[in-house]
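Read through the structure below, which is laid out as structure tokens, and then see the notes.
Here the structure is a predicted model, which is why all the values come from computation and not from measurement. Protein chains get the first letters and strands the later ones, always in sequence-line order, with residue 1 at the start of each.
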Amino acid sequence: MTEHSTERPHDTAAAPMGAPRLGRQGLVHVALLTLTLLAPLVAHLLGEAYYVNLATRIVLVAMAGVGLNLALGHGGMISFGHAAYFGVGGYVAGISAYHAFDGSLLMGLPGSDDMLVIWAVALLACGLLALAIGAVSLRTSGVYFIMITLAFAQMVYYFANSWPSYGGQDGLPIYLRNGLPLIDSQDPLSFFLVCFALLLAAMAITARLMGSRFGAALTMARLNETRLATAGISPYPIRLTAFVISAMITGLAGALYADLNGFVSPAMLSWHFSGELMVIVILGGVGRLFGPLAGAIVYVLMETLLGGLTEYWLFFLGLVLLGVVLFARQGVIGWLAGGTPHG
Amino acid sequence: MSATLLIEQLINGLQLGTMLFLMASGLTLVFGVMGLINLAHGSFYMVGAYVTALTTASTGSFLLGLAAGSLAAAAAGAVVELLVIRRLYHRSHLDQVLATFALILIFSEGTRWLFGSSPLWLSPPEWLAGSVALPGGARYPVYRLMIIAVGVLIAAGLYLLISRTRLGMRIRAGESDREMIGALGIDIRRLYTLVFALGAALAGLAGSLVGALQSVQVGMGEPVLILAFVVIVIGGIGSIKGALLGAILVGVVDTLGRIFLPALFGLFMSPSEAAGVGTALAAMLIYILMAVILAFKPQGLFAAHD
Amino acid sequence: MNKLTRAGLGLLMTTAVATVQAEEVRIGMITTLSGGGSHLGVDVRDGFMLAIDQAARDDIEVLIQDDARRPDLAKTLSNEFMQRDEVDIMTGIIWSNLAMAVVPSVVRQGTFYLSPNAGPSALAGRLCHENYFNVAYQNDNLHGAMGAYMREQGFERPLLMAPNYPAGTDALAGFKHLYEGEVDGGEVVDELYTQLGQTDYAAEIAQIRASEADSLFFFLPGGMGISFMKQWQNSGVEMPVFGAAFSFDEIIIQAVGQAAIGAMNTSEWAYDLDNAANRAFVEAFRAAHERTPTLYAAQGYDTARLILSALDEAHPDDQDAFREALRAADFASVRGDFRFGPNQHPIQDIYVREVVEGTDGKPTNRLVGLAIEDIQDVYAEQCRM
């Protein structure tokens, strides 16, 4: 595994990649980032706030996918419950803003409408939740792991659904987007740039992690557990750590997503969203650093364009997805850039 | 809390349990024999209910509708197996999850396209309407008793099928050693299609039976599917016996929890607060049950194999 | 740049540029046209568009979007309407939870919102706003009216049932507000809360059977009510059933069938309510859609007629004048008298209807009488505008 040093797109740590077609893959990565950054800038200049927000949505869905990709793609842990972290992150933003809005306390603590505080709490909450869920779930493997992560996510979903204090099924509106020091978070473009920077950070962290000895151990745990064990390393703590980090990234995306929509509801926690997130990772290319971004672009644009043409767009998404799973395993990035996934 | 109420609620739990068993037995068979995880099982439940509703509406015969619903679900199962599922047996669980997730989208949106979003309404036939007296004085709907009876019959039938017939022998062989049945010269492809269609038919039957009680609409299979997954995880994936016990356990715990938890909290809270806390906990109860069982038995109560 | 990304960017640009220039008045309607309970949205839309078509004005454009009853989708659609389409007026939302997600930020960004159905308590009280008008009711109106009616009719031990979500708890609170208190010996024996979207009511029916209640009041909107009534009929429990019109509109009782006969329900409107505007409306609606309108159609119709009456006075760009014109409510409502209270929610009469067998043998609602006169919601006093 080699750190790739040329054609480093912007200031992010680039993907560790399979050597032969590195030039083309790097080009695709640069193109993806440029596109993601330029489209909303153009939209902004044209005064189309809607398209800036659409780009922000792509970026946040991609960030959630980056989180899942760490567990699913790099770690081989097929989590069917990442919506739980996305939703919990969202609820942290919603609940905190709710208490800040009416000045009430939550277990003796005041709410906050400062995004920095919200992010920290969301990271902490999702980390702890994933630690608990992961500790139990990682005792199982295979189908049991898929099912148990799904069941835990359903547990959180039903809890949010029927707990009346924060709106239950109705969800919780955030009347005014939470604020940031020095930056006007209300402005669509500024908020986009914040989200974009955080997406880059999440991708950089993933790349660094996978380039380190930890990443090597995680890859080994996925490919050949026995060999890892003979090296004297227990896979359980490695996997658990990756699972927790993965959940934290997805949770942060959830907190930002709630602020983007000004609304958080149990829909963010539903198993459909867990499925969609998996679809995004697969569409882009499993275990590829830029896969989630490519997947999110394809998914959200499909939703917007196809959804504008027919209200049954999910039918066609189903067909596309089926085709990708059966015949095009490497996803968009693999198709555009070739090369092998999993660094 | 009177004894009659408790009995009535136990029967309600049993009725939910038998319905879950119809769903879970197919899921667990398909996993046990082919090693396939099938998210689209709820779609067969929906197909069964739709075909039953449409057939009953056009012919006026509920029994004919039930038969048509189960057959249509079986046919849908066979077609899906031939076109898609067959390519997934040697794939990873991830691919299986995604491909069958795609099937859910195709089935649900396709049904919405064909029949619209409004629910169809199906009623139990006249001869199953009304209620009968239970020992102890309460009355219970005939139709729900019929569902329990059908569930018991199916469970018995499955037991006989698997323990006494040739097909059952092959299924058991497939469960214990997937490579071996090929060596025995059994046409695996046909066996797999058959097992898959059988599972789909059971799901379709469950959907048809429940459709007459509730409503027939797009997405109706999904909540049941998730419950059925909990059932087979608790019971041990691949085990029919586990599916039966798990289904009854989940059915009873869910029903009793929904009633008694709010009542319990109502002893020291106002009704609306108690309902909030109680129903929130009740909704989570079976998942807590599952986590506890898996903490002690990571392979479920009656593990077949992973 | 490769082909795919270039195509994607190109599409983004063309759709961005293609946004049309504003017509004179643009109305955005977000309503539920698919999924459970879609007949409510369909009737609001059909009633609304009937009035718009009758007016035959070429300076009004109505954009209609389906929220599929999903709050997150409704929120996204409202952002599109405001940012991309720049609508002057929004309307259409059926469900209170969707209204809570959408309305507060819409009205605070300077767009008018007129509710043709949802009337959550917060929007009538704490979160009321000068740009928000409710043309239907505050949610409690119909429940409270039934509380008053049942007390007057001498039911002493009602049992109440509703889904466990804000509109459900509000409904029961509204009922109790006018049922309990002051004199009388009546007392609510129990309150059952169900899951939202629940389809099986066996457990609840067993509890009702085991209770000492002499009557049942329930609030289960949409498909939940249909499932419940069907299961109730086969349960063998004999008890008079009461509810608000939400569980007994013309479409629901058709689906429930014979099981609905005899149920009493409260509504601010009935198709056999005798006034000129209503006779004309029911006739026109039946001619256009070959079905009897529900109260939702009537509310959609009234909403559109209110907007039209205000547009005769001022353009929404002249916010103050348009708002004044809305407040005046100078239109002939199909409900008869109609006026706004200080929180811009209606003060109106509520009627009682009974489900009876119609001339074609199918169940239909028949007006019985007045349940309560000039009801006004209790949240108005919390509203500071």
Side-chain angles (χ1 to χ4, degrees), chain A residues 72-73 76-78 80 132-133 135-148 150-165 168 270-272 274-276 278-279 281-283 286 310-327 329, chain B residues 31 35-37 39 83-84 87-88 91-113 117 219 222-223 225-227 229-230 232-233 237-238 272-273 275-288 290-291 294-295 298-300 303 306:
Chain A
L72 186 141
M77 293 172 274
I78 307 172
F80 203 165
I133 292 181
V136 178
S137 307
L138 284 167
R139 285 166 47 90
T140 66
S141 62
V143 179
Y144 285 91
F145 183 81
I146 302 177
M147 289 302 133
I148 197 169
L150 170 65
F152 275 120
Q154 285 297 104
M155 205 153 114
V156 180
Y157 170 78
Y158 280 117
F159 182 79
N161 218 13
S162 38
W163 191 260
S165 304
S270 76
W271 72 280
H272 263 271
S274 292
E276 279 168 26
M278 282 166 90
V279 170
V281 171
I282 305 305
L283 277 181
V286 196
T310 161
E311 60 177 295
Y312 308 106
W313 77 277
L314 282 172
F315 181 83
F316 297 99
L317 175 73
L319 289 179
V320 169
L321 177 61
L322 201 57
V324 168
V325 175
L326 292 179
F327 307 112
R329 298 292 327 290
Chain B
F31 186 83
L36 178 97
I37 172 168
L39 294 187
L83 291 179
V84 179
R87 300 170 199 274
L88 295 171
R91 294 292 195 82
S92 68
H93 289 320
L94 178 61
D95 286 0
Q96 297 174 349
V97 164
L98 287 163
T100 52
F101 185 76
L103 286 175
I104 295 185
L105 297 179
I106 293 171
F107 268 106
S108 289
E109 294 305 306
T111 310
R112 198 193 301 284
W113 212 342
S117 296
E222 290 170 14
L225 175 81
I226 307 259
L227 281 182
F229 275 131
V230 173
I232 64 170
V233 168
I237 303 179
S272 63
E273 281 176 40
V277 182
T279 42
L281 265 181
M284 295 165 66
L285 198 58
I286 55 162
Y287 300 104
I288 297 171
M290 182 181 104
L294 285 190
Q299 304 283 299
D306 187 12

## Note on the structure
CD1 of A:Ile78 to CG of B:Leu94, rounded to nearest 0.5 Å, is 4.5 Å
### Query
Of all residues at least two apart in sequence or in a different chain, which pass the salt bridge (Lys or Arg N to Asp or Glu O under 4.0 Å) check with B:Glu109?
B:Arg112
### Query
Which value, rounded to the nearest 0.5 Å, describes the distance between A:Ser137 atom OG and A:Met147 atom CE?
12.5 Å
### Task
Side chain from CB out, backbone as N, CA, C, O: work out which of these in B:Ile106 comes under 4.5 Å of a heavy atom of chain A, or both, or neither.
both
### For chain B, the option from A:Met278, A:His272, A:Arg139, A:Met155 that forms the most heavy-atom pairs under 4.5 Å
A:Met155
### Task
Could you tell me which portion of A:Ile146 (side chain, backbone, both or neither) has an atom closer than 4.5 angstrom to a non-hydrogen atom of chain B?
side chain
### Query
Among A:Tyr158, A:Tyr312, A:Phe80, who wins on heavy-atom pairs under 4.5 Å with chain B?
A:Tyr312
### Task
Side chain from CB out, backbone as N, CA, C, O: work out which of these in A:Phe316 comes under 4.5 Å of a heavy atom of chain B, or both, or neither.
side chain
#### Entry: Region of A:Leu322 in contact with chain B, defined by heavy-atom distances below 4.5 Å
both
### Message
Counting only non-hydrogen atoms closer than 4.5 Å, does B:Leu98 touch chain A with its backbone (N, CA, C, O), its side chain (CB onward), both, or neither?
### Response
both
Would you give me the side-chain donor-acceptor pairs under 3.5 Å for residues 280-288 of chain B, sequence neighbours excluded?
none

### Ring centroid separation A:Tyr157 to A:Trp271 under 6.0 Å
no
### Task
Measure the CD-CG distance between A:Gln154 and A:Asn161 for me, rounded to the nearest 0.5 Å.
9.5 Å
